[in-house]
Amino acid sequence: MPVGEFELIARYFERGPARRELLGIGDDCALLAPGARGDALAVSTDLLLEGRHFFADADPVSVGHKALAVNLSDLAAMGARPRAFTLALALPAVDEAWLAGFCRGLFALADRHDCELVGGDTTRGPLTACITVFGDVPAQAALRRDAAQPDDDLWVSGTVGAAALAVHDRSEGRERAADDPARRRLDWPEPRVALGLALRHVARAAIDLSDGLAGDLGHILERSRVAAQLDWEAVPVDATLDGLPDALRRRLALSGGDDYELLFSAAPENRAAIEAAGQRLGLPLARIGRIVAGAGLRLRDARGRPIDLDGHGFDHFA
Ligand code: ADP
Ligand code: MG
């Protein structure tokens with residue numbers, strides 16, 4: 001960015017000397033302090049493009065929030081504790097009102113999770129925000145996608161389908177108001193960081209729901225080389241989907257994305273510990289099925305009868 005790049009960085013992104021890390025914004029690199037012995041550094045990147053992940057007229061406060069939230073959600077799904085992040089930003093022009101709003105949403109969430117901005121890059125270009133987060137997790141406690149085992153229970157946090165409903169209505173030309181509950185689930189996802197930490201040594205495999213329950217479960221199944229039996233009646237479908245036709249409700253709940261809930265597998269002996277964690281966090285946790293030997297995803301109704309996933313199992317939702 002020719003004029004004002006450094007003023008812009010100083011004004012919006014530098015917030016004084018690094019608090020926890022060794023060196024933050026202002027040098028050629030940031031320096032992260034080494035973690036505790038045995039901790040791995042969990043690293044994840046997500047790219048948000050205007051027009052694809054958010055719209056030009058989107059509230060910049062929610063864009064700032066969501067840009068970091070989707071990254072923190074990846075740390076949560078690994079059982080990692082957030083510590084720092086970098087931000088690469090492309091801006092078509094210096095729009096101070098937009099930047100101020102973006103930073104407000106970004107730093108409110110960052111501060112809540114004690115996650116420090118330690119560096120980044122700023123350039124002129126189509127509106128894009130790319131964040132890389134860094135977190136700590138003891139290597140043995142990381143909640144990997146390849147760790148599910150036959151007979152594990154399958155659990156999901158919160159509710160599913162509301163964000164997908166907001167996207168669906170938008171695609172049909174019925175934009176919901178910004179304060180509508182479904183829109184809020186889409187624009188203000190809450191990364192389940194505390195849950196991820198509580199699941200260390202309790203859950204086996206975990207993933208965050210960005211692409212939809214069926215598709216994201218499919219990633220665990222493929223990586224772990226197992227199959228799953230999902231009980232449709234146990235899936236915590238968000239109340240905003242009440243009254244929709246069955247097929248649409250099921251499609252939004254199972255293949256709609258953007259929920260950012262955690263889906264995880266755990267041994268049945270950990271049921272009480274998981275329920276206690278949900279109570280402590282004030283976050284409902286639903287047991288929605290189990291892992292079995294084999295390949296693919298089967299869905300069944302309350303009486304145990306198979307529900308057709310159009311004959312394609314989870315591949316249909318890919
Ligand atoms: P370099 O020339 O080494 O790429 P820059 O001039 O791009 O450095 O950036 C100067 C300093 O400001 C660096 O410490 C960089 O990490 C930081 N920085 C640049 N853009 C951002 C941003 N959007 N958010 C946070 N820090 C940034
Ligand atoms: Mg640079």
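One-based numbering, in listed order, for ligands and for the atoms of each.
No hydrogens or angles considered: nothing links the side chains of D187 and S62 as a donor-acceptor pair under 3.5 Å. Side-chain atoms of T159 and R185 include a donor-acceptor pair closer than 3.5 Å. Side-chain contact, E5 with T122: no donor N or O sits under 3.5 Å from an acceptor N or O.
The cluster map of Ile, Leu, Val, Met, Phe, Trp and Tyr, joined by side-chain heavy atoms under 4.5 Å apart, puts L49 and L186 in different clusters.
Of the heavy atoms in L117, only side-chain atoms (C-beta onward) come closer than 4.0 Å to ligand 1. At a heavy-atom cutoff of 4.0 Å, ligand 1 is contacted by the side chain of I9 but not by its backbone.
Of the N or O atoms in G26, one or more lie within a sub-3.5 Å distance of an N or O in ligand 1. Distances between N or O atoms of G120 and those of ligand 1 include at least one value under 3.5 Å.
The distance from ligand 1 to the heavy atoms of F6 drops below 4.0 Å at these ligand atoms: 6 (O). Ligand-side atoms of ligand 1 in range of D27: 13 (C), 14 (O), range being under 4.0 angstrom from any heavy atom. Close approach of ligand 1 to T122 (heavy-atom distance below 4.0 Å) involves ligand atoms 19 (C), 20 (N), 21 (C), 22 (C), 23 (N).
T132 is linked by a side-chain contact (heavy atoms from CB on, under 4.5 Å) to V43, T45, T86, F134, counting only residues two or more places apart in sequence or in another chain.
Applying the salt bridge (charged side-chain N to carboxylate O under 4.0 Å, His left out) definition to pairs two or more places apart or across chains, those involving residues 18-27 are R20-D114, E21-R83.
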